[in-house]
Every structure is written in structure tokens, then in C-alpha cells.
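Take a look at the structure set out below.
Values below: all heavy atoms of this structure, side chains included; hydrogens, waters and symmetry mates excluded.
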Amino acid sequence: MKQTFSIKGMSCEHCIARVEKGIKELPGIQKVKINLKKANGVVKFDESQVTPTAIAEKVTAVGYPTEVI
């Protein structure tokens with residue numbers, strides 16, 4: 001499954017790396033693409049292992065308020 005997320009508060013490459021690292025810690029993550037300019041991210045994942053809500057909660061937990069789009 002592929003899902004887009006709105007991610008607030010990112011301002012640099014370090015922010016992107018932190019978000020990617022957090023998402024990749026979850027099970028079933030296949031691909032992560034973060035766009036700093038658009039303040040969003042697209043995540044490809046196995047929906048039998050992780051939910052979009054769990055991904056959004058993980059990113060919010062690392063410091064960037066996130067919503068499923």
C-alpha cells in the first residue's frame with residue numbers, strides 16, 4: 001500500500017533524516033520519500049504489518065506533527 005502524509009515542522013535535511021529513520025523502525029516499511037518543500041511524505045508499506053495511523057503516530061512521536069492525507 002502507498003500512503004501520503006502531511007508532515008509539519010520540517011526545515012532541513014536533518015529533519016528529513018530523522019523522519020525517515022523513525023518510519024523505517026516500523027515493521028513492513030518498503031519505501032519512504034519525504035518532500036521538504038511540500039511538507040509531506042509518501043510511504044510504501046505492507047498494510048498487514050503496519051497501519052497509516054501507526055506511521056503518522058511514529059512521526060509525530062519523533063517531533064513532527066503528522067496526519068494521514
Using distance only, find each side-chain donor-acceptor pair of residues 29-45 under 3.5 Å and give its atom names and separation, not counting sequence neighbours.
{"residue": "N35", "atom": "OD1", "partner": "K37", "partner atom": "N", "Å": "3.0"}
{"residue": "N35", "atom": "OD1", "partner": "K38", "partner atom": "N", "Å": "2.9"}

Partners of E13 by salt bridge (charged side-chain N to carboxylate O under 4.0 Å, His left out), sequence neighbours excluded? none
How long is the span from the CD atom in Q3 to the OG1 atom in T53, to the nearest 0.5 Å? 8.5 Å
From I16 CD1 over to R18 CZ, what is the distance, rounded to the nearest 0.5 angstrom? 13.5 Å
Among residues two or more places apart or on two chains, list those pairs meeting salt bridge (charged side-chain N to carboxylate O under 4.0 Å, His left out) that have a residue in residues 1-12. none
The criterion is side chain to side chain donor-acceptor pair (under 3.5 Å); which residues satisfy it with Q49, sequence neighbours excluded? D46
Do you know which two heavy atoms are closest between C15 and G9, and how far apart they sit? SG-O, 4.4 Å
Would you tabulate the side-chain donor-acceptor contacts of residues 58-69 under 3.5 Å, counting partners in other chains and residues two or more places apart, or write 'none'?
{"residue": "K58", "atom": "NZ", "partner": "E25", "partner atom": "OE1", "Å": "2.8"}
{"residue": "T60", "atom": "OG1", "partner": "A56", "partner atom": "O", "Å": "3.0"}
{"residue": "T60", "atom": "OG1", "partner": "T66", "partner atom": "N", "Å": "3.1"}
{"residue": "T66", "atom": "OG1", "partner": "Y64", "partner atom": "O", "Å": "2.7"}

